[in-house]
Amino acid sequence: MRVLVTPDHRTLSEEAAELIARSIRIRPGLALGLPTGNTPLGMYQELVKKHRNEGLDFSAVRTFNLDEYLGLARTRPQSYHSYMQTRFFDHINIRRENTDIPDGSPGIDVKAECDRYENAIRDAGGIDLLIVGIGTNGHIAFNEPGSSFESRTRVVSLAPGTIASARKYFASEAEVPQSAITIGIRTILEARRILLLASGQTKAKAVERALRDPVSESLPASALQLHSDVIAILDEAARG
Ligand code: PGA
């Protein structure tokens with residue numbers, strides 16, 4: 001694993017965007033695995049700037065998001081569909097049909113949706129570059145501690161700490177979905193290259209454990225030690 005430490009979140013965002021932009025220039029039809037949350041917001045802003053100012057071309061890029069809440073309409077502002085649309089897709093020249101996000105809408109046939117998603121990734125030839133954050137409990141995507149390293153796209157229950165962290169985006173804790181659809185650890189490890197992003201002091205402990213502790217299913221992010229091409233971009237605070 002290569003580790004790059006940046007002074008702050010802004011530099012982390014610039015470095016991440018530059019790495020992605022370089023990959024797109026080399027391979028215009030790149031398949032990206034994309035995260036949501038606070039950490040990648042600056043990275044998306046930087047990519048939008050590169051599209052506007054440098055003509056970074058997303059017209060052949062394919063994207064697969066890592067996860068989505070279950071039981072939340074796609075149109076709700078807290079959904080990851082809304083996040084991706086408003087924070088990123090609306091501002092670049094990506095084709096909507098080249099973007100995919102698990103569908104966690106109420107009433108969906110979840111088993112069929114999880115199978116569809118794994119197949120869509122496979123049919124696209126796999127994910128070339130997957131960007132992922134880390135939870136304070138060491139989760140990656142919504143693979144909470146205890147997730148099998150053989151796991152694929154499936155429904156998961158969110159850990160109490162994950163629900164508490166999401167609380168700020170909802171009117172009340174009762175509104176926070178209790179479950180989600182997430183790609184699995186195996187799905188993540190099959191990506192050709194992985195970019196791990198971590199920002200802020202609250203992530204320092206999880207980052208240190210993920211990089212140095214023995215690999216264990218009790219710490220999902222430690223699975224990244226099993227992959228031969230991982231780049232971690234951390235800001236000073238997250239390095240601890
Ligand atoms: P965050 O979430 O970027 O909002 O901190 C990261 C995660 O929980 O994976």
Side-chain angles (χ1 to χ4, degrees), residues 6 8-17 20 32-47 64-70 72 77-84 86-88 101-102 104 127 129-147 151 153-154 156-170 173 176-185 187-189 191 194-211 218-224 227 230-240:
T6 64
D8 50 28
H9 181 256
R10 185 175 156 191
T11 330
L12 172 150
S13 304
E14 289 168 357
E15 293 286 351
I20 295 166
L32 286 168
L34 294 179
T36 51
N38 261 322
T39 311
L41 280 173
M43 174 190 87
Y44 290 129
Q45 283 167 8
E46 290 299 323
L47 284 170
F64 292 95
N65 267 77
L66 309 185
D67 45 22
E68 176 59 287
Y69 290 118
L70 185 60
L72 196 66
Q78 299 92 344
S79 79
Y80 292 164
H81 279 77
S82 296
Y83 175 110
M84 292 309 296
T86 58
R87 292 347 200 268
F88 193 37
I101 304 177
I127 293 173
L129 174 60
L130 181 145
I131 301 103
V132 67
I134 182 170
T136 52
N137 64 357
H139 75 202
I140 45 174
F142 273 140
N143 294 283
E144 303 285 19
S147 295
S151 54
T153 303
R154 68 201 188 289
V156 290
S157 298
L158 300 180
T162 304
I163 292 171
S165 301
R167 163 71 184 81
K168 57 183 175 292
Y169 303 116
F170 291 84
E173 182 148 344
V176 183
Q178 308 283 305
S179 52
I181 296 178
T182 184
I183 65 168
I185 306 267
T187 326
I188 291 172
L189 292 179
I194 298 174
L195 175 58
L196 171 69
L197 302 180
S199 170
Q201 186 268 325
T202 58
K203 302 293 176 68
K205 200 160 180 185
V207 167
E208 191 185 338
R209 290 188 59 213
L211 269 50
S218 64
L219 186 67
S222 68
L224 300 177
H227 194 284
V230 178
I231 302 169
I233 307 184
L234 320 173
D235 61 17
E236 283 285 356
R239 178 171 62 170

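As the structure lists them, so they are numbered: ligands from 1, and atoms in each ligand from 1.
- A salt bridge links E236 with R239: at least one charged nitrogen is closer than 4.0 Å to a carboxylate oxygen.
- Y44 and Y83 have perpendicular rings, their planes meeting at more than 60° on a 0 to 90° scale where under 30° would count as parallel.
- With values rounded to the nearest 0.5 angstrom, L224 atom CG is found 12.5 Å from I231 atom CD1.
- T187 and R154 share no side-chain donor-acceptor pair at under 3.5 Å.
- Side-chain N/O atoms of T162 and E144 include a donor and acceptor closer than 3.5 Å.
- Listed by chain and residue number, the protein contacts of ligand 1 are G37, N38, T39, G133, I134, G135, H139, K203 (heavy atom within 4.0 angstrom).
- For R10, the CZ atom sits in a loose shell: 12 or fewer heavy atoms of surrounding residues, nucleotides or ligands are nearer than 6.0 Å.
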